[in-house]
Amino acid sequence: MKSEGKIKKWKITVDRDLCIGAASCVALAMQTFALDGENKAIVLEGEGDIPEMVKLAAESCPTKAIILVDEETGEQEYP
């Protein structure tokens, strides 16, 4: 039996004041995050990584600089 479910879609924001450039997000989700010239995380354009990896990357941030907001409900899911 196949389980079907909605793929999570978030609006992903990086709080540049909180970001310290630890790059744990990049290590876990390199199709979603990168470091810019200031060594701060940025969100890349395109499909990105699977939702589980994006959530794991956000949770790995030591300063909780990655904010995930559900695109459908507008509710902040992380942090």
Side-chain angles (χ1 to χ4, degrees):
M1 185 170 167
K2 187 176 171 188
S3 174
E4 291 188 14
K6 182 176 118 8
I7 293 176
K8 277 272 183 214
K9 285 290 187 178
W10 292 293
K11 177 177 184 275
I12 306 166
T13 308
V14 176
D15 185 328
R16 293 181 62 83
D17 292 332
L18 290 177
C19 181
I20 59 170
S24 56
C25 60
V26 177
L28 290 166
M30 62 182 68
Q31 293 176 32
T32 304
F33 300 100
L35 293 184
D36 67 8
E38 296 177 21
N39 244 15
K40 303 275 186 169
I42 57 169
V43 180
L44 298 173
E45 294 291 323
E47 280 300 305
D49 297 276
I50 61 171
E52 292 82 3
M53 290 310 293
V54 173
K55 179 108 190 255
L56 194 62
E59 291 170 345
S60 77
C61 178
T63 62
K64 296 190 180 353
I66 300 170
I67 301 156
L68 302 178
V69 174
D70 187 300
E71 284 187 342
E72 277 190 12
T73 66
E75 290 182 29
Q76 184 170 318
E77 290 194 17
Y78 190 82

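In this text, all values refer to a predicted model and were calculated from it rather than measured experimentally. The figures here come from the full heavy-atom set of this structure, side chains too, leaving out hydrogens, waters and symmetry mates.
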I'd like to know if the side chain of E52 reaches the main chain of K55, judged simply by a donor and an acceptor atom lying under 3.5 Å from each other, with no hydrogens or angles considered. no

Examine distances only and state if a side-chain atom of T32 and a backbone atom of V54 form a donor-acceptor pair shorter than 3.5 Å. no

Distance-minimising heavy-atom pair for L68 and A58: CD1-CB, 3.9 Å

Would you please name every residue forming a salt bridge (Lys or Arg N to Asp or Glu O under 4.0 Å) with K40, sequence neighbours left out? none

Any non-hydrogen side-chain atom of I66 less than 4.5 Å from a side-chain atom of E59? no

For the student: nearest non-hydrogen atoms of A57 and F33, plus distance: CB-CE1, 3.9 Å

Does L56 sit in a hydrophobic cluster with other residues, and if so which ones, taking ILVMFWY side chains as linked at heavy-atom separations under 4.5 Å, directly or through other members? L28, I50, M53

From I67 CD1 over to K11 NZ, what is the distance, rounded to the nearest 0.5 angstrom? 8.5 Å

Between D49 and Q31 the two heavy atoms that sit nearest each other are OD2-N, 3.0 Å

Listed partners of A41 passing side chain to side chain contact (heavy atoms under 4.5 Å, CB included), at least two apart: V14, C19, C25, L35

Taking all heavy atoms of L44 and all of M30, pick out the closest pair and write down the distance. CD1-O, 3.6 Å

Is there a chain of hydrophobic side chains (I, L, V, M, F, W, Y, each step under 4.5 Å between heavy atoms) that links Y78 to I12? yes

If you look at every heavy atom in K64 and L18, which pair is closest and at what distance? O-CD1, 3.9 Å

